[in-house]
Amino acid sequence: MNTPKDAAARRAVKPVICYPVDTLPVPDMAGYERARTTMTKVDEVLVPPRDASCFTVPAGHFFRIVSVEGSQVGDLNLWARDNLNERFYSGKTRALHGTHITTGQRMWTSFPYLRPMATITHDTLGWYGKDEFGGSVHDVIGTRCDPYTHHLLAGGQYHHCCHSNLTRALANHLGVPVAEAEPHVHDVLNVFMCTGFTRDTGQYFMKASPVRPGDYLEFYAEIDLLGALSACPGGDCSAEHSSDAAACYPLLVEIYAPEAGSMDAAAEPRVSGYDRSHGI
Ligand SMILES: [Zn+2]
């Protein structure tokens with residue numbers, strides 16, 4: 001392979017941000033902050049270790065994913081409650097907000113909807129930032145652990161990867177066979193997971209999550225939501241996943257209702273205004 005003479009000059013070109021977010025609608029963080037001071041817990045769902053559970057959140061409510069008992073990572077799927085075709089779009093959320101998301105950033109829905117479905121309103125791990133390895137928490141890069149990749153790399157049949165947990169939970173919730181539920185399962189928000197890319201090879205890495213019991217990630221539901229959360233078989237993801245080797249703990253989902261009227265100003269976000277004619 002010949003390196004061109006101007007290789008250094010080509011490499012020295014400065015990058016530009018693909019999607020400057022200056023024109024994104026700005027979330028009313030002061031409004032969320034006021035509303036969350038009035039909220040009371042109305043429901044909770046305990047997600048067993050190496051398993052997943054579904055939950056629903058009405059638009060205008062808050063929900064928290066809470067660490068209980070031990071350091072544990074959670075894989076989160078979200079859908080529009082009454083239309084499973086509209087679901088969390090991890091890749092576009094990553095393109096807009098970066099590899100990891102925290103307070104003030106949003107989870108966006110799939111095409112052709114592309115609207116915010118949930119806004120992060122509090123993150124007790126917000127202090128973590130980026131560590132010396134380039135790692136950070138709550139990633140939108142890691143897809144979800146799944147039995148297909150596990151089989152490809154290690155062989156065998158493991159049934160408690162997040163992908164299978166989410167599939168079973170959704171099938172139970174909808175009352176349909178797993179084969180019908182599986183196509184709805186999508187790339188996740190990796191809640192509490194500490195990840196990054198190695199600087200030399202660019203490989204996806206994970207390390208022990210800094211989450212401790214009592215920590216939580218809190219969201220505002222912009223639309224009516226159906227959620228599914230898996231307590232990853234990797235536990236704190238310090239060593240391995242897709243096996244029963246790691247210590248694994250439950251996760252708690254809490255649903256909170258703000259006082260009536262406290263979020264009146266926040267209208268439900270509209271679906272994308274693109275006309276969908278695609279040049280025809
Ligand atoms: Zn997992």
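Order of listing sets the numbers, starting from 1, for every ligand and every atom in it. Heavy-atom basis, side chains included; hydrogens, waters and symmetry copies ignored.
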### Message
Is it the case that the side chains of Asp123 and His138 hold a donor-acceptor pair, with the cut-off being a distance below 3.5 Å and no angle test?
### Response
yes
### Task
May I have the step-by-step check of side-chain contact (heavy atoms from CB on, under 4.5 Å) for Leu189 and Ile101, ending in yes or no?
CA-CA 9 Å; Leu189 168 62; Ile101 57 177; 3.8 Å; yes
#### Entry: Angular separation of Cys145 SG and Cys232 SG about the Zn ion (ligand 1), given to 10°
120°
Checking only N/O/S atoms, does [X] have one that is under 2.8 Å from the Zn ion (ligand 1)?
X: Cys237; value: no
X: His163; value: no
X: Cys162; value: yes

### Message
Whether Arg36 and Glu218 form a salt bridge (side-chain N of Lys/Arg under 4.0 Å from carboxylate O of Asp/Glu) is what I want to check.
### Response
yes
### Task
Carefully, step by step, assess Asp139 and Tyr204 under the rule side-chain contact (heavy atoms from CB on, under 4.5 Å).
CA-CA 11 Å; Asp139 87 59; Tyr204 182 49; 3.1 Å; yes
